[in-house]
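Below is one structure, written out as structure tokens; comments come after it.
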Amino acid sequence: MMSTRATTPLRVALISAEYPPRPGGVGDYTQQLGRALAARGHTVFVFTIHESRFTIYHVSSPSLDPPSTVDLRPAGWGWRSWRAVRTALAATRPDLLHIEYQTGACGMHPAINLLPWRLRQSQHRPRVVVTAHDLLLPYLLPKAGALRRWVTRRLLRAADAVIVTNAADIAAAAGYCGPASQPVLIPIGSNIAVAPPPEYAREAWRTRLGADSATTLVAYFGLISRTKGLETLIDALGRLPSTVRLLLIGGAATTAEDRAYAAAIERQIAERGLGTRVQRTGHCAPAEVSAYLLAADIAALPFSDGASFRRGSLLAALAHGLPVITTAPAGALPSAPARLGDGANMLLVPAGDAPSLAQAIGRLQRDPQLCERLRQGGQALARQFSWEAIAEQHDVLYHQLARR
């Protein structure tokens, strides 16, 4: 529970293309941030699309105020979404509009990129904040590299403030923002609280998964996409003894590209004869995700683009006390208080290197003292990313903008 509250409560609207019950890390992040801001006394709304309707969730009083919808069907994140956003703003009258931006979540349409610029044309508008959850360029047209960079630059330069979630993105975002508005670093937190169902019993959950005392249960958590490196993990599993089993925690892929990748993973599992050693949970409630993580022995998250603090699944695994194996960050990270420490709070292996990943899993099987050191170090690292601290940092930024 929060021990501090906002000095002056504000009305805040968060826009996210993902939001529960739709699976996705940015949606989980938005829900956690909204709840933490509401706990500080702010009135918080979320604008999203649910079942093809532009929907407004009232985070501050979800039990008393059911979601409302804007009359726009079928809804999408194209140009018509501007009208839906204006209608939602008129209904909620926030002091700040905070866009939780992820390149692929809005169907690669540039409307969300140009929304801050469009709102600047309005006489009465809220301050606009953009959190860049990634800085991947949207795909618009073939050979449209310059246009893709332009819409990304337009998004960040038209905002009143820009947030990045990890130190590695500061320089890239600064290049888009320009000298007038430099990005602010506010990290993300674990998207899954350590809160399994009531009367949770670890051995009972392991029995349900077919894992006995001789089984090493390796957990992978997250939606299946090409950046997660799951093909490397399947390859590593085939190099390990049959006592090592893999638990895939999370829902099915959502985009056409990710579905094709997921199908390729299933073929890889079948071709390697690993079907009996891989178990899938499908999409499940946060309490069940927590239970599965607590039931596992090791977490393996071999991101193809390297680990970073933008990964909620990584923070969730650390918070749940799992010894984590992940991939070394891509390039040198700027100095920061929180660090990925090989051998201190996780094991780091090269991206795409299945033999090294298999060797790291085997090493943890044989070395309980190393497991305990990683468990303690990982939980200490995860505590630096509490939602209370994250909400407080947002609070400071929001009030700076509100005073302008």
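Because only heavy atoms are used, hydrogens play no part in the values below, and waters and symmetry mates are left out as well, while side chains stay in.
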Measure from the side-chain N and O atoms of [X] to the backbone N and O of [Y], and report whether any donor-acceptor pair falls under 3.5 Å.
X: T55; Y: R53; value: yes
X: S386; Y: A389; value: yes
X: Q268; Y: E231; value: yes
X: N345; Y: G341; value: yes
X: R202; Y: A296; value: yes
X: Q376; Y: R373; value: no
X: W82; Y: A111; value: yes
X: R375; Y: G321; value: yes
X: S304; Y: T227; value: yes
X: T92; Y: A88; value: yes

Task: Stacked cation flag R120 on W117, 6.0 angstrom / 45 deg - done: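 Checked: cation-pi criterion not met.
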Separation between [atom1] of [X] and [atom2] of [Y], rounded to the nearest 0.5 Å:
X: I188; Y: N191; atom1: CD1; atom2: CG; answer: 7.0 Å
X: S122; Y: R86; atom1: OG; atom2: CZ; answer: 7.0 Å
X: L348; Y: S356; atom1: CG; atom2: OG; answer: 11.5 Å
X: L97; Y: I99; atom1: CG; atom2: CD1; answer: 5.5 Å
X: R272; Y: L237; atom1: CZ; atom2: CG; answer: 8.5 Å
X: I112; Y: E100; atom1: CD1; atom2: CD; answer: 10.5 Å

When you check the gap from the basic side-chain N to the acidic O, do [X] and [Y] get nearer than 4.0 Å?
X: R245; Y: D212; answer: no
X: D169; Y: R310; answer: yes
X: R226; Y: D305; answer: no
X: R11; Y: D95; answer: no
X: E266; Y: R280; answer: yes

Taking atom types as modelled, find out whether [X] and [Y] have a side-chain donor-acceptor pair closer than 3.5 angstrom.
X: T216; Y: Q365; value: yes
X: H133; Y: T165; value: no
X: E392; Y: H394; value: no
X: Q31; Y: Y57; value: no
X: D28; Y: Y19; value: no
X: H42; Y: S60; value: no

Open item on the list: Applying the side-chain contact (heavy atoms from CB on, under 4.5 Å) criterion to T30, which one of V44, T48, L14, T131 satisfies it?
Closed with: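 Exactly one pass, corresponding to L14.
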Can you check whether [X] reaches [Y] side chain to side chain, under 4.5 Å on heavy atoms?
X: L89; Y: L119; result: yes
X: R40; Y: E388; result: no
X: V12; Y: T43; result: no
X: C284; Y: T281; result: yes
X: R277; Y: L246; result: no
X: L96; Y: V128; result: no
X: Y292; Y: Q279; result: no
X: I15; Y: L115; result: yes

Open item on the list: Walk me through whether H98 and V130 qualify under side-chain contact (heavy atoms from CB on, under 4.5 Å).
Closed with: CA-CA 6 Å; H98 190 158; V130 173; over 6 Å; no
Heavy-atom closest contact ([X] atom, [Y] atom, distance):
X: P286; Y: I192; result: O-CG2, 3.8 Å
X: P126; Y: D160; result: O-OD2, 4.5 Å
X: V278; Y: L248; result: CG1-CD1, 3.8 Å
X: G352; Y: T232; result: CA-OG1, 3.5 Å
X: L156; Y: A173; result: CD1-O, 4.3 Å
X: A219; Y: I249; result: CB-CD1, 4.0 Å

- [ ] Walk me through it: do I234 and Y220 pass the test side-chain contact (heavy atoms from CB on, under 4.5 Å)?
- [x] CA-CA 11 Å; I234 300 301; Y220 163 97; over 6 Å; no
- [ ] With sequence neighbours left out, write down each residue that passes salt bridge (charged side-chain N to carboxylate O under 4.0 Å, His left out) with R239, or none if nothing qualifies.
- [x]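 Only D235 meet the salt bridge (charged side-chain N to carboxylate O under 4.0 Å, His left out) criterion with R239.
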Open item on the list: Go through it in stages, so that I can follow the logic: the residues are Y29 and E18, the test is side-chain contact (heavy atoms from CB on, under 4.5 Å), and I'd like the CA-CA distance, side-chain angles, deciding distance and then a yes or no.
Closed with: CA-CA 9 Å; Y29 164 95; E18 299 174 348; over 6 Å; no
Task: is_close_aromatic(Y176, W150), centroid dist under 6.0 Å - done: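 Y176 vs W150: aromatic centres not under 6.0 Å.
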- [ ] May I have the step-by-step check of side-chain contact (heavy atoms from CB on, under 4.5 Å) for L374 and V324, ending in yes or no?
- [x] CA-CA 7 Å; L374 296 182; V324 171; over 6 Å; no
